[in-house]
Amino acid sequence: GNSVTQMEGPVTLSEEAFLTINCTYTATGYPSLFWYVQYPGEGLQLLLKATKADDKGSNKGFEATYRKETTSFHLEKGSVQVSDSAVYFCAPSNTPLVFGKGTRLSVIA
Amino acid sequence: NAGVTQTPKFQVLKTGQSMTLQCAQDMNHNSMYWYRQDPGMGLRLIYYSASEGTTDKGEVPNGYNVSRLNKREFSLRLESAAPSQTSVYFCASSGRGSAYEAFFGQGTRLTVV
């Protein structure tokens, strides 16, 4: 099935720093790609998605572009805030839906 | 909309006790999942149900059983709890098709002593 390799954290940044979390995928066919976020004490929730090559997903200042040529879906944000501290998971659409270890982001004021 | 509802939110069990974690979704989703989350281990799939009437093992099924009671409900049972099953358990559901996102419950924090 489809799978991802995601950079492991933890990642610690100062407020207003630039964020990149790398994610590369292997897939048969053309899966959709998702970034999920997990805030402390909560379940995962969708952050953004892209359904085909060259699509850009965006939400809350985060962006990720579905790059077929490099099989990547890197998450970026230009200026992180303390409230972005969370664990981030990259995942391809799949049955069953499996996740990696995620990347823990801590943003300090 | 309630989305995905898990019960209970917290539970403490003694080794050898049994219990069932309940999960229900109100989004008419075909697929439902149970995961466990341990520190540093990410989310690991225990069992999943791709459609009503079917269940399949995930990465870490040992010590667990599941029941897809109907399209809405998917329960996880621990027949004889062990300390190694201390974890946070998440239920999730998703629609059919590659564009559909998964929706998660708030989790059940289980401690086995």
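Note that the coordinates shown come from a computational prediction; the quantities given were computed from them, not determined experimentally. The chains referred to below are lettered A, B, ... by the order of the sequence lines, with proteins before strands, and numbering in each begins at 1.
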Would you say [X] and [Y] are hydrophobically clustered, going by side-chain heavy atoms of ILVMFWY under 4.5 Å?
X	Y	answer
F90(B)	L76(B)	no
V98(A)	Y47(B)	no
V80(A)	L47(A)	yes
V66(B)	V88(B)	no
L21(B)	Y48(B)	no

Using heavy-atom distances under 4.5 Å, tell me whether L43(B) contacts chain A through its side chain, its backbone, both, or neither.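 Both backbone and side chain.
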
Side chain, backbone, both or neither: which part of F103(B) has a heavy atom under 4.5 Å from chain A?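 Interface part for F103(B): neither.
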
Is [Y] close to [X] at the side-chain level, that is, under 4.5 Å between some pair of heavy atoms?
X	Y	result
F34(A)	E101(B)	yes
L97(A)	Y33(B)	yes
F99(A)	Q37(B)	no

Tell me whether Y36(A) contacts the main-chain N or O of A102(B) through its side chain, where contact means a donor paired with an acceptor under 3.5 Å.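 Checked: pair present.
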
Within a radius of less than 6.0 Å around CZ of F18(A), do more than 12 heavy atoms belonging to other residues, nucleotides or ligands occur?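 Yes, because the 6.0 Å sphere around CZ of F18(A) holds more than 12 heavy atoms from other groups.
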
Contact part of Q38(A) toward chain B, heavy-atom cut-off under 4.5 Å: side chain, backbone, both or neither?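 Looking at Q38(A), just its side chain touches chain B.
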
Enter the distance from F104(B):CZ to E42(A):CD here, rounded to the nearest 0.5 Å.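 The distance works out to 13.0 Å.
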
